[in-house]
Amino acid sequence: MEVNKSEKNQTTSLIFCVNGEKFELSKVDPSTTLIEFLRTQTRFKSVKLGCGEGGCGACVVLISKYDPLVDRVEDFTANSCLTLLCSIHGCSITTSEGIGNSKQGLHPIHERFAGFHASQCGFCTPGMCVSLFGTLVNAEKKTNCQEPPSGFSKVTVSEAEKAIAGNLCRCTGYRSIADACKSFAADVDMEDLGLNSFWRKGESKDLQLSKMPRYDHQHKNVKFPIFLKEIKNDLFIASEKHSWHRPTSIKELQNILNLNHANGVRIKVVTNNTGMGYYKDNEGYDKYIDLKGISELSKIRKDQSGIEIGAAVTISKAIEVLKQQSKSDFISDFVMILEKIADHMSKVATGFIRNTASVGGNLVMAQKNNFPSDIVTILLAVNSMVHIMNGTQFEWITLEEFLERPPLSLESILLSIKIPSLETIKSTSSERRNRFHFETYRASPRPLGNALPYLNAAFLVEVSPSENSGGSMIDACRLSFGACGNKQAIRAKNVEEFLIGKMLTVGIVYEAVNLITATIVPKDENTKTTYRSSLAAGFVFQFFNSLIENSDGETNFYVNGYSKRPYVKDFELEENQKLVHHEKTPTLLSSGKQVLEAGNEYHPIGKPIIKSGAALQASGEAVFVDDIPSPPNCLHGAYIYSEKPLARVRSIKLSSELQLDGVKDIISSKDIPSGGENIGAKTIFGTEPLFTEEIARCVGERLAFVVADSQKLADMAANSTIVDYDIENLEPPILSVEDAVKRSSFFEVPPFLYPKHVGDISKGMAEADRKILSAEMKLGSQYYFYLETQTALAVPDEDNCITVYSSSQCPEFTHSTIARCLGIPESNVRVITRRVGGGFGGKAIKSISTATACALAAQKLCRPVRMYLNRKTDMIMAGGRHPMKITYSVGFKNDGKITALELEILINAGIYVDISAALPLSIVGGLKKYDWGALSFDIKVCRTNLPSRSAMRGPGELQGSFIAEGIVENVAATLSMDVDSVRSINLHTHTSLQSFYEHSSGEPFEYTLPSIWSKLAVAANYEQRIKMVKEFNRISTWKKKGISRIPVVIQLTLRPTPGKVSILSDGSVVVEVGGIEIGQGLWTKVKQMAAFAPRVVQADTVSLIQGGFTAGSTTSEASCEAVRLSCNILVERLKPLKEKLQEEMGSIKWETLILQAYMQSVNLSASSFYVPSNNSMMYVNYGAAVSEVEIDLLTGETKFLQTDIIYDCGQSLNPAVDLGQIEGAFVQGLGFFMLEEYETDINGLSLADGTWNYKIPTIDTIPQQFNVEIFNSGHNQHRVLSSKASGEPPLLLAASVHCATRAAIKEARKQLLSWRNLDEPDSTFELRVPATMPVVKELIGLDVVERYLKWKMSRV
């Protein structure tokens, strides 16, 4: 791009601070994001790249900005992955290291996150800490509240909890994080805070507070550099190719646009670039224009005609101002409307997105790109206006007209939005007694935002009283709907016209509902189309039903969303609307109770100490693979993957449109050296290629590897690749298990791994009183969603050696694969793994190819090569959990006792075998939780042209356990029996347990499930809650509850594991283990095993061989045993010397002993290899859970009210660590059963490719009351210090939420049938997994509102 002289002379420097350090840059690529700069050009690595979309919170920073107009510094959190570096001119940036660190002193936030056991893998923790920090900083600015007690903040419990509502965590389950946040709130009940390392339950509040890291709310947390206050607001930076402008007036903006548009310059207009999170704009631009420098666009003006919001005003600022209008001169109805608009806006996106996203930008995205905006919908309902600049012309038009116009041209800018006062929409016949009623609606997978809505709506009506009937007449009406698949948000004008002038009656509402379902017919024709129409009907019903006089005294109607309040006349509704409106805002306030018994037998084993490295993880100082500084001349890689399920690859070329000077090479199978193999991963069952050689056999298969100067450039190059495919003479791909059966496409299961049948199936079926034959179930996939994606760094070394840093659960497998691929001895390869940012099985076999690809490129180019997969590529290639189709026949007695179960299971393994051949054994292991009498199965592992599935937390066991619950539910429904009775009658006796788990059932005293089952009933108050649920369902029309109790029985296996303990000359201790720290607390338990003292160091495949893989929940206990054995060796070596010195000197210090041992050449390094014996290799473990849910019949939303878990940890090695594992596993299982849709297109390409369309649980979607008891089952000589595993089994208990949801749906369907005057409910329905809102709503009845209204009218 050519830059004229006048512009060059104006060039300024970009000036800002990071954690107090000044940066001044004269040359910047305007497309550079803040996270790119921080991670590549500074030492601050706490900001993590989790998604690149603003959807996970791992990259959050605090931005401080001086406002000279009010002489005040504004502090707000923001996503550094979306924030463009040039936009922070004059700002101060604070990361988690800047809040506090180990060298200058940790902040109480860091210490409390550690002390409340709120960090597991730690990858998300720095972002969490900054989110909370931003909330505390702004809370201290409050002037309208009392001074908090010493040690607390001005923040409220609700505000503290919501501080991290936009942050994702895949490990913890959030409860502990919420407690860490709430500990700062002045209104917190200290007894409500969960397990922590600071105090014990029952201690006085003063004592508890004195033990907690002290927080001083008056301490200046963020020091804004004085010199930044002098920085001018305007900015112009130019380089050879790009420039950045920040004009300070509309006139200057016009000049820039006019000058450059005529020259054909590619221009991008930005405020804060948050739109990039949704629309991945990979186009290159010549000129960036930042609108934030124009003060007129950032102002909010108020007068009697309404409120005008500048287009650059952030959503957070708009919310703040709109909520303040109760103090203004506006009439009360208008104030009510503004408050409700603000409340709805607070559910848009996340706090850190709202802090930077502009109101105008949101509207422009909707107008240009059909973005499913909530803000457009609610502003459309109140007749908003927009102010547009077209070149040199200015005009005011309605928002409705703005949406109907063609997309804004380059020279057109949205300047402001006006919410007019109510005078503009009052009917001509308005009288003093007329009132306005306004409500907004939003059906979304997450109550607090961070999720696009299935449908949103806003309704504004003016009603007048009828003198004759006492009812309400509609005088004016505006009904708007958005996110419904249509091009833009729309007004339902035909419904409005029908309602105006009508007296509200049930009949009128019924007709309006029918009209709206015919109007809201989304044009995207997907499975959610009818669901959205049903939501529209529900919203209309909710709104107008609340305005009808309650003639029969019924209290079960919705009043603005809740069924708590009786009908009231419309003129009494004003205060009630406000009250109910605030009830609609989720208050969160999750809580929990933890019961655990710490063991004293093996002190310090058994103590709930803080997880090793937790404080470093919180401050961001813990080093992950991508945090390792790039060596000199380092290159970066990105995969080119197949977009076809089965196709011949003719050629791969980079697009000529992009100027990619920094692209160095494209590595493919042709680059594998002589003597090497095309191998990208291996298991005991087989291998898979690193790159396709001729034919791509699935979507997402690796075709090649682009290597470039930066990760950004490599990703751009990979995205621009043109692949020439050919499918001539190829058979159609196999894309389903049914196709695989037809074409006999299966993987072989080794006979020693195929599970054994139990009992005589023919005899069992013959004994049955009743049978269910050939019933079907289907289970889908689940994505790992580790916060750290696949990553590796390969560094070539001398003598044809290579060192690879890999985020891997199995470095040993990675090591041997690299050696085979490169054709070098394994002694030339070294793989190092320090910690993994979330694994869940996805960093096992799936991580090997990432490390191998980097190693191959590094060897060829003789330069270091690293890769950090972008989230989309990771999701497309990951494969995830195994989908399967289940067909079963079951025989049972009339009392519910099952006598025989026969199954056919088709597992979709994808294209390569991975670990899929082990699935039949683990599925049956999960299935055997009940006494089926006889059990027979035919399980086929199907090979399909889909990405290979791999191990994911509880692989096979999760599906098997759920299949068992589904069968029991079906049996109970068929017999019209209480399902809990059927579960109880089919629980194992120890005798039946021995038949089903013949080699691992243990002694009778080890079978703890019966006592757990009965203990849980008492602890969870189960019987009483069943009665309460029944009573609730009897009186509540539009909300139904369900409650369910389920067991878990799971077989666990220990594997051989190495350990090494070394004592250095000063007496300090270093420990190495084969197990990898992936957040499960392995290092912590190992440190306890060696009596706290040691430093546990990274896994190194050269230093400690035969490390195996970290999976199956038992690696921690096996690693502990290996360390114990090593310690015993050292003790024996030191014992003679110690006794000799004690005789000579009396008592002796440890340091003296070790110094003497060194001098006398005692070997102070001991290795061991723990190989479990036959009677300790396998064991069965137990637990149970009760979950209670509440479903909304109008939306299908499920609220998880309470979960109670009792889980047997034996004698826990660390109850705090195990508690975190139990909670985290359960919530991940909740995601599988209720929330996470891992959908694909017809070719198997994942449609879920980011945080926008894949929804893992968040803090607002976990059980509101989450109680966990760790059951201490006592001493067992065959366990490692009597302990039992906790990583995976609790995941299976999440099915209790799904079963409780089914129970609630059953009640809803029973009610629906009563409206049809039918008695017998069909209770044998199947509730799919995941049971998302559309799935639940479909089973409740998409026409439930119409059915109800017809029934209501028939009674008149």
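The structure presented is a predicted model; accordingly, all values stated were derived computationally and were not measured. The residues of the chain are indexed from 1 along the displayed sequence.
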- Is a donor on one side and an acceptor on the other found under 3.5 Å between the side chain of S807 and the backbone of V625? no
- Between E677 and I672, is any pair of side-chain heavy atoms under 4.5 Å apart? no
- Would you call S936 and H757 a side-chain contact if the rule is heavy atoms closer than 4.5 Å? yes
- Do F123 and F624 make the cut of ring centroids closer than 6.0 angstrom? yes
- Are any non-hydrogen side-chain atoms of Y868 and Q790 less than 4.5 angstrom apart? no
- Near-ring test F840/Y784, centroid separation under 6.0 angstrom: no
- When you measure from the side chain of T1114 to the backbone N and O of T1053, does any donor-acceptor pair fall under 3.5 Å? yes
- Kindly indicate whether the side chain of E957, heavy atoms from C-beta on, has any atom under 4.5 Å from the side chain of P955. yes
- Query: Rounded to the nearest 0.5 Å, how far apart are OG1 of T1101 and CD of Q1106?
  - Reply: 12.5 Å
- Looking only at atom types and distance, does a side-chain atom of K929 sit under 3.5 Å from a main-chain N or O of P1047, one as donor and one as acceptor? yes
- Could I get the full list of ring pair (Phe, Tyr, Trp, His ring centres under 6.0 Å) partners for F1226, not counting sequence neighbours? F1266
- P645 and V699, any side-chain heavy atoms less than 4.5 Å apart: yes
- Short question: side chain of W932, backbone of L927 - any donor-acceptor pair under 3.5 Å? yes
- Query: Between T789 and L869, is there a donor-acceptor pair closer than 3.5 Å when you use the side chain of the first and the backbone of the second?
  - Reply: yes
- Item | Polar side-chain atom of Y1254 near backbone of Y783 as donor-acceptor pair, under 3.5 Å | yes
- Message: Do L690 and R702 make a side-chain contact, defined as non-hydrogen atoms from C-beta onward lying under 4.5 Å apart?
- Response: yes
- Message: Nearest 0.5 Å, please: how far is NZ in K843 from CD1 in I848?
- Response: 13.5 Å
- Query: Does some side-chain heavy atom of L856 sit less than 4.5 Å from a side-chain heavy atom of L822?
  - Reply: yes
- Any residue meeting ring pair (Phe, Tyr, Trp, His ring centres under 6.0 Å) with Y805, in chain and number order, not counting sequence neighbours: none
- Query: Does the side chain of Y754 reach to within under 4.5 Å of the side chain of I939, using non-hydrogen atoms?
  - Reply: yes
- Task: Test E812 against R1055 for salt bridge (charged side-chain N to carboxylate O under 4.0 Å, His left out), laying out the working first.
- Result: CA-CA 14 Å; E812 181 191 351; R1055 294 179 305 278; over 6 Å; no
- cation_pi(R881, F1232) dist<6.0 Å, angle<=45: yes
- Message: Could you check whether any side-chain N or O of S736 sits under 3.5 Å from a backbone N or O of D739, counting only pairs where one atom can act as donor and the other as acceptor?
- Response: yes
- Which residue pairs pass the ring pair (Phe, Tyr, Trp, His ring centres under 6.0 Å) test when at least one of the two sits in residues 945-966, sequence neighbours left out? F962-F1233, F962-H1298
- Message: Could you check whether R871 pairs with E53 (Lys NZ or Arg NE/NH1/NH2 to Asp/Glu carboxylate O, under 4.0 Å)?
- Response: no
- Query: Going through the distances and angles, do K778 and E1326 end up as a salt bridge (charged side-chain N to carboxylate O under 4.0 Å, His left out)?
  - Reply: CA-CA 10 Å; K778 286 187 177 181; E1326 182 190 348; over 6 Å; no
